[in-house]
Every structure is written in C-alpha cells, then in structure tokens.
Amino acid sequence: MSTASESPTSESQHAFRYSGALAQEIELRWHDWWDANGTFHTPNPAGPLGDPRVADQPKLFVLDMFPYPSGAGLHMGHPLGFTATDIYARYHRMTGKNVLYTMGFDAFGLPAEQYAVQTGQHPAITTDQNIANIRTQLRRLGLSHDPRRSISTTDPGYYRWTQWIFTQIFNSWYDTDRTTARPISELVQEFAAGTRATPDGRPWAELSASEQADVLDDHRLAYISEAPVNWCPGLGTVVANEEVTADGRSDRGNFPVFKRNMRQWMMRITAYADRLVDDLDLLDWTDSIKAMQRNWIGRSEGARVDFGVTTVGGAADVITVFTTRPDTLFGASFMVLAPEHPLVDALTTPEQAATVAEYRRQASTKSDVARQVEDKTKTGVFTGSYATNPINGEQIPVWIADYVLMGYGTGAIMAVPCGDERDFEFARQFGLPIPAIQQPPASWFAEHGIDPTLDTAAWPQAFVGDAPYVNSSNESLDVNGISDVATGKRRTNEWLEANGHGQATINYKLRDWLFSRQRYWGEPFPVVYDETGHAHTLPDELLPLELPPTDSFSPRTFDPDDAMSNPESPLDRLTDWVRVELDLGDGPKRYRRDTNVMPQWAGSCWYELRYCDPTNEDAFIDPEVERYWMGPQPDGRTGGVDLYVGGVEHAVLHLLYARFWHKVLFDLGHVSSPEPYHRLFNQGYILAAAFQDERGMYVDAFGVEERDGKHFSGGEPVTREYGKMGKSLKNAVAPDEVCGEYGADTLRLYLMSMGPLDASRPWESKDVVGMLRFLQRVWRNLVDEDTGALRSDLPALDDTTDRILHRTIDGVRSDLEGLRFNTAIAKLIELNNALTKLGGCPREIADHLVLMVAPFAPHLAEELWRKLGHDETVTYQSFPVADPAKLVQDTIELPVQINGKVRSRITVPAAADAAAVEAAALADEKVQASLAGATPKKVVVVPGRTVSLVV
RNA sequence: GCCCGAGUGGCGGAAUGGCAGACGCAGCGGACUCAAAAUCCGCCGAUUGAAAGAUCGUGUGGGUUCGAGUCCCACCUCGGGCACCA
C-alpha cells in the first residue's frame, strides 16, 4: 500500500505537524480567545474607556489609513500595511507602551452609491454588509485591534460630530494678522467696536442685517461661492481640483470634467497655505510626500504690478499682473491676458473686435486640458490696446492668449520674452520685440554655439538665471550691473512699493477646496437658509441631521459630455425634508435645508480623533483623552499619531484636507497638536504578473503556463508585465485564499519578508511556502510532531547558541524600531536555523524565541506560549532584552587589504589595539607572501573592521 | 520639460564608507526511504583551474578615498508626482 505524498501545507503522517490546516485550527481558536478575553482593549486616561492606571504609561498611537469597505473585500495591499502596523503595535505592547490600535471604515462615498443604484438596494444596507464582511477578513489576519473603538463614518453617532466640526469651521474666520482661525463672533465684536474696518468703511451698525451677513460670509472658513468648479456630468456632481486627473477626468469613473460657474460650498484652505507648507518641517514624513504637498500648494514669491491702461471707452484702468520675476520688469515688452479676463471687452478696439471674439469663442470650447495638451504652439490675438509699463513708461501691446490661465495669479501676465521661455516663443511667433535686460555668461552662448551678443534675434531661446542686468534703469532705480536675481527682485520690489506701482506678494497654486457634492450617500450639511438666502448652521441640539430615508437615492446623471447640464441633488426631491420650520433663537421661522452632501474626504479628516474616544456623546473627543493620545510629546515632537501607514495615493487629497481640518481645530482650541500625523510611512504596492493576449486583453494570470521562458494561455502566446494586483489585470490573489492554504501567520510573514515596506514588490505564490517552512521549523524545534506536546528531548543551551540568541534579540529590536520587518524576519530565521542544527530549542531560551516570534506570528506564539506552561496571553509579556555582555565577541576576524584588495584574514582579540592588529596583520603568512618583502608605505587600521596596507 | 525615488545572482532582496550577495524562492548534490514526498546536511555571481587559488563583478563613464553598491559629477533606463503656474 502506498502512502500519500506529503507537501508542507497538507495534513501529514505527523498528527501535530504545523501544516496549513493545523495553523488554521490554532488561529481560529485564538481569535475566539482574544475576543472573549478582551485582550486588545486599550484603556484611556479618562472617560468611558478610562482606567487610572494608564496615566504614567507611555502611549503609542498606531494608525492605518482609513479603509473604504468595498464590496470586493480586502485586497492584498490591505494586509501588507495592516500587518506592518500590527507587528509594530504588538512589539510596542511588549515594550510597555499603552498602544492605541484599531480600525474603522470610511463608508460614505460614490462606490457604495453607484452599487446601490445598480442593485436598487439602499447604500446603508450594502455598506453594513460590506463592513461585516471586511471585519471577518480582518479578524482572520489576527490584527490586534481594539474592537470597541471601531467606527463607521456613516454612523449618525459619528457624522453628528463631522457636522459639528463643519459648524465650527463655518463659524470661524482666519485672522491673517495673528495667523490663526478665530470664532466669527470675535470678528463681529471687532467690527462693532470699530477696531476693524468694514470692507466699505461704513460703521458696522449702519450695515443692514443682510449686509452684515454678507460681510461675515466673506470671512468664513466654510463659505458658499459662485465660482468656476469642476462639473462632472457623468457623475452628476461637482468634484474637487484634487479629484481631477491630469488629463481632465474624474478620478472616480474616469468621466470628462468641465469648468462651470456654479454656487457651491468651499473651504478656505488657502488661508492655511503657508502653514501647510511650513509645518511640513515638523513632520517625520518622506521627502517625496513633502515635495508632493509643497508642489500642490505651489507657493511662489513674487510681486503684483499694476500696468495702467486706457479702455476703448476712454476710462483709465489698471491691469494687475503677478510675476515671480519683478526684476525683469524693464524687459516687459507686451502683456497677455487670459481670454476670459474681465478687462478684455473694455480693451478690445473695434478693428480687433471680430478677431478677439472668434479667438475667445474657440478658447471657451476647449477644456483647460485641451488647451494645455493639444499642442504647445502658441496662439493669441492682439486686443488693439496698449498698456504703460510703470517702470519705464513704455507703451506695450496687450494681447490675449490661452497660455495664460484665468485660474492662476491674476489671469494676466507681463511678458518678458528675453527671460521667459513661453514669452519668448510667443514673441517669436508674432514678431514682438525681445529687448535684452541681462547679459548672459559666455558659457551660455557657447552652449548654444553662438557668439555673445545682446541682439536677441540671434538667441535660440530665453535666458533664465543669474546674470548682470543691462538696460535696467530709470530716474529712481538702477539695477544695471547687479548680477544676482535675488538682489534684483528685492530692489525692484522696494521701488514698486515706494512708487505705488505694486508690492511684493506670495501666490499659490492651491485653490480653495470645493466641498459640496450633489449626491445622496454622504453627510448632509447641517445648514438651513432663511428667506434672504443666508445660511445658518444648526445648533448642537439638532445634530445629527440624519440623512433622510429615500428609495430615490440616485443622482441625476447626464451624458458624460453634456457640459451644459446642471446638477440635481437627490435630496432636492425630498421637498418635505427640505422645507422646515425652526426656532433658531428669533422665533419659529421657515427655512430651506441645504441639499448637498459633504465629499467622502470629510469623514476621514478627523477619524483618528474619534478612535481615541469613540463612545463620547458630549464631545467629539474628551480634552484629556486628546492630550494623552494626540498631544505634544515630552521628547519635543509636536504631537499627532505616532505612526501612520498607508498608500502614497493620498498625498495631496486626504493628507492635505485632514491637516487643514486639524489646524482649524487646533486654532479653535479643540485639539492640542498642530498636526494630526507625526510619522507617516508609505507602503509600496503589491504587484503581480499580468498577461495580455495578442489583442491586448488581459487573461487570467492563473491559467498561464511557462515554457522555455515564454508564456502561454490556452496554447496562445501571451506577454507578461507586472502591475498593481487587482481585478482589472486579472491577477489578484485574495488574502482569504492564502490564509486558507497556509494560515494567517504564514501570510503575515511572507508579506513582511518580501522586501522593505516602502517598496512595491511582485507577489510570487510559489514563494509563500518558505515562510510556512520557517514556522514549521520553529514549531518542530519545540513540539513533538506526533503528540503535540512540548518535546522532552530538547538539547542543552551552549554558549554559541546563547550568543546567537542575544545577537538576534538586539537585531530584531532595532529592525522593528526602524520598520525593517524583512531583515528582522531574516534574523529570526537565522536563529531558528541554528536551533535546528542544534537539534531543537533549548528550554532556557524557548520563552525568548516565542516572544520574539509573537509580533510576527501571534497565533503560533500564543499556542507555543501555552505549551511552555504559561497561562496568560503573550501580548503583554516583556520583549526579550539582549545582554550586552553576550553581544561582544572575544576574538574577531578582520580582513587585510593590500592596495585595496582583500589578501588575507586574521583573527585577533576583540579588544586588540591598532598596534597589535597591525603587528598581527604583518605577521600573517599570506600577507607576507603578498608583500613579498616590501614595506608598507601606509597602514590603516579601523578597529573592529579592517586593516589596509598600502605598498 | 521640472521635482522625487530606484537600478545588486535565475527571481524577491541584504549590506553604520571597511570581507558584496544575509534571509527566502528556484536549482544542484548527499543522507533517510523499496521508492517518492516530507525532513535533515551541503553547494549555489561570472570566467578560469583537477584543486588551492586567480581575475572580473552592484545600470554606464569619470572623480574623491588606504578602501566606494554606499559619497561627488555627468549620462542611460525604469517607476511615481507635477506640467504653458507667469
């Protein structure tokens, strides 16, 4: 009779071999135990989850980016980040930290609503189902979340506070003098007291109630504006700048987006532009993420300059431009306005009217993107009018061209063709003058193969950089000869301000945040409008304003290309809900509700705060709890989450919005740290091989065969590429499948061992078994595979093994501190391989081994911990500490280099001084042979490292 | 075009300026077995050599250094972000 063959994953002849099946059995058992014992409940310093014992315990807040509960469940990218944070959290529990670690769901948003529209099932139902499903999957991974702190943004108990924060933002204004947000009531006081002038100078009391409301609305951090917004007919809603891709489409759904003037809610994030840039310096984030945020905010320092013009009607007016190069004002030889600039009509002469009208018509039919992408050949037309260059009085022509964008700066530029490549091209295209105002260095001319000249007709392109100014003086300003741009700018700015022609200023690419969506599945705005159309926020006692139930939750969507369609929010249809009678302090009156909902980003702007105090019904967070988990730290860190792990795709969306909200809450005194996320770590993507057939269609990656390095699917040749694992590339491996075959502990180990956390890495199913084998060996080194009991034949501890143990403890600790999980695992494997060679794990160090494995493979560790005779969970055991005495070696082997090549190795006492090491090296046989009698000219001894001889 | 980041065996990857390739996968050899699987032991960059060894080797070309995968300069390739931003 033949015996069944055995693979590492399958059941074996050994009843207690650590197979996938046994792992599974162990893991499910421990999930129940952890739940039943509340193992991961984390106490607060106060409140319902409070426990006075935590007061003197150091805290650690570990956070994963808020997952969206997709109907497809978890993909492999989730366990990658989640395992990393779980290991970190578990490790730090073992170092005595009080660790806050949980997970909730960012459950509002378009996908749930789109799914609901397809199926006709209310999004609340599908959302709840999806969350339940994902909770099951998370549990399967053995993540040590405090389940009491899990929240969903769609829970009225949560969005009650999202709405409350909105009212805080609405009822605030930004004081640019104090650079802080303040309650709007203080602005009213300043206006009323006359310490702050009203916009038109009239005393505050003389303004009508409606005029007062208008003034306040102009200051609020959340405000309604009629402005160009991104209208996406295919989604039936407007979207934020950050949600529009580089090719002008919605990042959700990939529909065309059009610029339209619409009345929408905005958040005055631009007020915080400076602080959002400057405070990046406080954060432990990667340079690349910081660079992306700086780039998006796009701070540029320059000046506003006024150019006088006379309109066709004869009136005097000014064109204000923004420039980063005020120093080049002497070289401004024409001006260019955006086609939409409000002064274009007034400046267009009758002769040019038809040309200008035609150009503007063409420009208006092109989207922003088409204007930028189509081709870079400059187009434009002359208005017929001239402006006066304030610095030299010259009359310069005013053109319009679509390379000038209305959305940036003032929508008008001064063109300095000799110093700006775009202006240079435009001038060449239309034969406009290019006066030289800098003397480029000889090297610049040499580079372009021409002789030095100030005749720009010979120049192939504009010169940008530091070089002495020429032709740059008037009666009261002379920058000629100055050769650095910084000084030139400073001098010119001083002149502009002294003569009233402009002033130094800072401009940003960042726009205010478009905050309303014409959808159903989001937080309703806690806002009503009175009969004059002014907005009022609902008082606290009327929160939450719950999303009204309806079967008609689908927004009206349009032909994706129908730019002129208009949004219709689903809430508009609920007239009984929209019309409401309320007493807001001045007697019952009729009001109209706001029918927009907030964007999905709202709920994720503050969720980490709610994790701290999830059950608080009196406040969004208790101040004492907030200070404990989020406050500034004794070591000087400014506070916030201690470790935040997630994908890089949120670099300018969530991370910018959340920082903004947090700063408003900070300014208003609701939180104690200026930043929400102190240390940010961006995980890489899980990639996987994907295969395309000859038509370019993706084929199921799991049906592909490899023969002689070529790949075939159903006999047909296919081409291989690597891409982000997912449904669209037909190459997704579900975490559940891997747990089922190998167990969660093996999956966790594999994900962590693939490489550094921040690198993207290709998934290789065949490699997973390596980590099962490792765990299997750990098990076998302690457990009798036939009885399941602790082995009775464990070897005695020897000195060598003891030293390896302590070296491993030391290395694993420092690797975990640095999030180097891959090398930590390698060190554990080395230790375990040494134990295997020894014939098992000596009982004296078994506890150490199990405790070190615990953060990585917690289920296996719990099981072994029991077998070692302990009753408690491993969770709060102390992580082993290396004995420094066992880290030092008695003797060490050093390489000896001769002229940079390793020629020999010598063994010397670890404590040997340089002279002794040198003597030992020179005495070495091979060294002597290599030297062949020569005397080294130089000897470099690096203690503990190397000996280097130079002959 | 501009700004980040990365290029190391067949593959994933490791290496405070100091012995390149830890650890895992794959492969090769051996032990055990009637046999296979599993397990355990060993080998595993290239060229050369019977072997000891020698020479070369971290995208390319220069440089700094006693010594460079690591630092500097230039370039090439790939990935990410921004892109007529005045």
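A, B, ... follow the sequence lines: proteins, then strands. Residue 1 opens every chain. All figures in this text were calculated on a predicted structure; none of them were measured in a lab.
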[atom1] spacing across the pair [N] / [M], given as an integer number of angstrom:
N	M	atom1	value
B:rC44	B:rC25	C1'	13 Å
B:rA20	B:rC72	P	22 Å
B:rU16	B:rG12	C1'	25 Å
B:rA38	B:rG27	P	10 Å
B:rC76	B:rC28	C1'	37 Å
B:rG10	B:rC40	P	28 Å
B:rG5	B:rA22	P	28 Å
B:rG21	B:rA37	C1'	31 Å

Output the single nucleotide from [options] whose closest atom is nearest the side chain of [X].
X	options	value
A:D402	B:rA14, B:rC84, B:rC19	B:rC84
A:D767	B:rC25, B:rG18, B:rA54	B:rC25
A:S288	B:rA86, B:rC4, B:rG12	B:rC4
A:T324	B:rC19, B:rA86, B:rC66	B:rA86
A:R17	B:rG18, B:rC82, B:rA38	B:rA38
A:N295	B:rA20, B:rG81, B:rA86	B:rG81
A:R905	B:rA86, B:rG81, B:rC19	B:rC19
A:T823	B:rA86, B:rA54, B:rA14	B:rA14
A:K766	B:rC82, B:rC25, B:rC66	B:rC25
A:Y408	B:rC84, B:rA86, B:rG18	B:rA86

[X] has an atom [atom1]; how far is it from atom [atom2] of [N], in whole Å?
X	N	atom1	atom2	value
A:R807	B:rA22	CZ	P	15 Å
A:L337	B:rA86	CG	C1'	13 Å
A:D786	B:rU39	CG	C1'	13 Å
A:D815	B:rA22	CG	P	16 Å
A:M292	B:rG5	CE	C1'	12 Å
A:E242	B:rC82	CD	P	11 Å
A:D758	B:rG79	CG	P	18 Å
A:M771	B:rG12	CE	P	16 Å

Restricting to non-hydrogen atoms, name the atom on [X] and the atom on [Y] that form the minimum distance, rounded to 0.1 Å.
X	Y	result
A:H341	A:R360	O-NH2, 4.0 Å
A:Y685	A:E649	OH-OE1, 3.3 Å
A:A23	A:G743	CB-CA, 4.2 Å

Worksheet entry | side-chain contact (heavy atoms from CB on, under 4.5 Å) partners for A:N682, two or more places apart |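 Residues passing side-chain contact (heavy atoms from CB on, under 4.5 Å) with A:N682: A:T286, A:I289, A:V648, A:L680.
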May I ask you to say what [X] touches in the nucleic acid, namely base, sugar-phosphate or nothing, with a heavy-atom cut-off under 4.0 Å?
X	answer
A:Q897	base
A:S300	sugar-phosphate
A:V950	sugar-phosphate
A:S760	sugar-phosphate

Practice prompt. Quick one: classify the glycosidic conformation of B:rG9 as syn or anti, with syn meaning within 90° of 0.
Written response: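 Syn, since the glycosidic angle lies within 90° of 0.
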Quick one: is [N] close enough that its OP1 or OP2 comes under 4.0 Å of any side-chain N or O from [X]?
X	N	result
A:N833	B:rG24	yes
A:N822	B:rA14	yes
A:R304	B:rA86	no
A:R820	B:rA14	no
A:K837	B:rG42	yes

Practice prompt. Would you tell me whether A:D306 and A:T320 have side-chain atoms, one donor and one acceptor, within less than 3.5 Å of each other?
Written response: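 Distance-only check passes for A:D306 and A:T320.
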Item to complete: Please evaluate the base of B:rC84 for a donor-acceptor partner in the side chain of A:K378 within a cut-off of under 3.5 Å?
Response: yes
Worksheet item: Is A:R773 side chain donor-acceptor paired with the B:rU39 base, going by distance under 3.5 Å alone?
Response: no
Worksheet item: Where along residues 775-785 of chain A does a heavy atom come under 4.0 Å from RNA chain B, residue by residue in number order?
Response: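 Those residues whose heavy atoms fall under 4.0 Å from RNA chain B, taken from residues 775-785 of chain A in numerical order, are A:Q776, A:R777, A:R780.
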Worksheet entry | Whichever of A:A826 and A:K901 has its nearest RNA chain B nucleotide further upstream toward 5' |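 With A:A826 and A:K901 compared, the 5'-side residue is A:A826.
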Worksheet item: Of A:T946 and A:T323, whose nearest nucleotide on RNA chain B comes first from the 5' end?
Response: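 Closest to the 5' end, via its nearest nucleotide, is A:T946.
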Would you call [X] and [Y] a salt bridge, taking side-chain N to carboxylate O under 4.0 Å as the test?
X	Y	value
A:K827	A:D815	yes
A:R294	A:D281	yes
A:D924	A:K926	no

Worksheet item: Which string of ( ) [ ] | and . matches RNA chain B, if you list each base 5' to 3' and count Watson-Crick or G-U pairs only when both distances are under 3.5 Å?
Response: (((((((..(((.....[....))).(((((.......))))).((((....))))..(((((..]....))))))))))))....
Please verify the inter-ring angle class for [X] with [Y]; under 30° counts as parallel, over 60° as perpendicular, anything in between as tilted.
X	Y	result
A:H654	A:H650	perpendicular
A:W779	A:Y18	tilted
A:F821	A:F856	perpendicular

Practice prompt. Find out whether the Lys NZ or Arg CZ of A:K378 is both under 6.0 angstrom from the six-membered ring centre of A:Y403 and within 45° of the ring's axis.
Written response: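 Yes.
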Item to complete: Report the residue from A:V305, A:I413, A:L337 that forms a side chain to side chain contact (heavy atoms under 4.5 Å, CB included) with A:I319.
Response: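 The residue from A:V305, A:I413, A:L337 that satisfies side chain to side chain contact (heavy atoms under 4.5 Å, CB included) with A:I319 turns out to be A:L337.
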